[in-house]
Amino acid sequence: MRVRAYGKINLTLDVVGRRADGYHLLDTVMQSVSIWDELELQRRSEPGLRLECNWESLPLDSMNTVFRAAKFFLEDQKLQSEGLYIYIHKYLPSRSGMGGGSADAAAALRGLNELFGTQLSTEKLMALGARVGADVPFCVRGGAARCTGVGADVSPVPAMPDCWLVVCKPPMGMSTPRAYALLDQYPLSSTQATPRMLDALAAGNLRRVAKGLANRFDETVRMGPVRSLKRAMVEAGALGAMMTGSGSSVYGIFETEQGARAAISQLEGRGRIFLARPCEGI
């Protein structure tokens, strides 16, 4: 069987606190988008988990989010003696802020639930996903959600109004640990954007959504190519543009497909470019 692993963008990302153990407390609005990896899952007669991927650079052991998600699932359901083969077809760029690893782990959990007929609830799958990473619970549910705490507390919210998205991943990337290290050199978010974004989504007002885009990492990491991309998106007609996650992908919001495609032609040469739309969750 095949399962899609949809990427995400952050419409807002406030950093509102830090726990004693060093973990940061977030208040963010995420939205699934129609850019995805795909996982192929098969049961096999030989016991154990076998993982393969079309990217040679991706680890295939416990460093891989899919490996860990599958391991937690099999252990939780006492299926360790089963044989399992998973092939990861990677398409989402790495170090992009689009949640590729989290999306893959979430897709593995959803797929295994169907493959083994275990009928686990979405909430149970999200709890297993939280053991893999903070963004995995959101990716299990998908759609649009406010995520708080370390990011694993997920509350569904109204989806983005119908629109088109242009996403560009510049050649340079940013590791999440490095982004947080840079963030720690600055104060916490002083003006919190998430409540205003929730109002804009509830009103179904695309222009208010675009105007309310915000990301504390964009303010602290300060990557030149990201700032240049944001300007180029707006100059190409985007209602608003913002970096997603800890970077380095930038997305622009467009009212029409024609406008989005015209912008893509103006952004050629700046990196990997995707045309996408917001996606619903489960």
Side-chain angles (χ1 to χ4, degrees), residues 1-11 13 26 28-42 49 51-53 55 58-60 62-77 79 84-157 159 167 176 244-246 249 276 278-282:
M1 65 176 296
R2 289 176 176 257
V3 185
R4 286 182 177 180
Y6 288 97
K8 59 84 178 171
I9 57 173
N10 295 79
L11 300 181
L13 203 171
L26 310 179
T28 178
V29 177
M30 298 189 199
Q31 170 70 59
S32 299
V33 296
S34 60
I35 310 168
W36 63 85
D37 294 339
E38 190 171 60
L39 271 60
E40 181 181 348
L41 299 90
Q42 298 177 10
L49 171 61
L51 195 64
E52 293 185 348
C53 180
W55 283 8
L58 204 70
L60 301 176
S62 60
M63 296 294 292
N64 187 289
T65 57
V66 171
F67 186 98
R68 296 203 303 276
K71 180 176 180 289
F72 292 148
F73 177 92
L74 296 173
E75 289 176 350
D76 184 81
Q77 295 300 298
L79 296 169
L84 178 64
Y85 170 79
I86 303 178
Y87 191 94
I88 307 170
H89 299 267
K90 286 294 297 179
Y91 184 64
L92 289 162
S94 61
R95 295 191 173 190
S96 66
M98 298 182 68
S102 297
D104 293 345
L109 291 169
R110 294 196 310 269
L112 292 171
N113 195 34
E114 182 177 347
L115 187 66
F116 288 101
T118 42
Q119 299 183 334
L120 301 183
S121 67
T122 299
E123 290 70 23
K124 173 65 174 179
L125 295 176
M126 291 169 69
L128 287 172
R131 299 175 61 187
V132 181
D135 286 350
V136 181
F138 165 78
C139 292
V140 168
R141 182 179 292 279
R146 182 184 195 174
C147 302
T148 55
V150 297
D153 299 325
V154 180
S155 301
V157 301
V167 184
T176 300
T244 180
S246 57
S249 287
C279 289
E280 296 182 358
I282 59 176

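Start at 1 with the first residue, then count along the sequence.
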Taking atom CG of Asp76 and atom CG of Leu112, what is their separation to the nearest 0.5 Å? 11.5 Å

Side chains of Leu60 and Cys53, heavy atoms from C-beta outward: is any pair under 4.5 Å? yes

Using a 3.5 Å distance criterion without hydrogens, assess whether the side chain of Ser96 forms a donor-acceptor pair with backbone atoms of Ser249. no

Expected output: side-chain Asn113 to main-chain Leu120 donor-acceptor under 3.5 Å: yes

Regarding Asn10 and Thr28, is there a side-chain donor-to-acceptor distance under 3.5 Å anywhere? yes

Can you check whether Ser62's main-chain N or O pairs, donor with acceptor, with Arg68's side chain at less than 3.5 Å? yes

Compare all side-chain heavy atoms of Leu41 with those of Glu114 and state whether any distance is below 4.5 angstrom. no

According to ring-ring contact (aromatic ring centres under 6.0 Å, His included), who are the partners of Tyr6, at least two apart in sequence or on a separate chain? Trp36

Separation of Ile86 CD1 from Gln42 CD (nearest 0.5 Å): 10.5 Å

Above 12 or not: heavy atoms from other molecules or residues under 6.0 Å from NZ of Lys71? no

Does some side-chain heavy atom of Val33 sit less than 4.5 Å from a side-chain heavy atom of Val167? no

Student check: side-chain heavy atoms of Thr65 and Val136 closer than 4.5 Å: no

Not counting sequence neighbours, which residues clear ring-ring contact (aromatic ring centres under 6.0 Å, His included) with Tyr85? List them please. none

Who passes side-chain contact (heavy atoms from CB on, under 4.5 Å) against Leu74, sequence neighbours left out? Leu79, Leu84, Phe116

If I compare all heavy atoms of Asp104 with all of Lys90, which pair ends up nearest, and what's the gap? OD2-NZ, 3.1 Å

Smallest separation among heavy atoms of Cys147 and Gly151, with atom names: CB-O, 3.4 Å

Mind checking whether Ile35 and Tyr91 have side chains closer than 4.5 Å, heavy atoms only? yes

Heavy-atom closest contact (Ala144 atom, Ala159 atom, distance): CB-CA, 3.7 Å

Distance-minimising heavy-atom pair for Gly99 and Cys139: O-SG, 4.4 Å

Shortest non-hydrogen contact from Gly100 toward Asp37: O-OD2, 4.1 Å

Interatomic distance, Phe73 atom CZ to Leu128 atom CG [nearest 0.5 angstrom]: 8.0 Å

Nearest non-hydrogen partners of Pro59 and Asn64, listed with the distance: O-ND2, 2.8 Å

At what distance, to the nearest 0.5 angstrom, does CG of Leu125 lie from CZ of Arg110? 9.0 Å

What's the spacing between Met126 CE and Leu109 CG if we round to 0.5 Å? 11.5 Å

Contact between Glu123 and Arg141 at the side-chain level, heavy atoms closer than 4.5 Å - yes or no? yes

Sub-3.5 Å donor-acceptor pair from the side chain of Ser34 to the main-chain atoms of Cys279, do we have one? no

Got a second to check how far Met98's CE is from Thr244's OG1, nearest 0.5 Å? 7.0 Å

Can you confirm whether Val154 sits close enough to Val140 that some side-chain heavy atom of one is under 4.5 Å from a side-chain heavy atom of the other? no

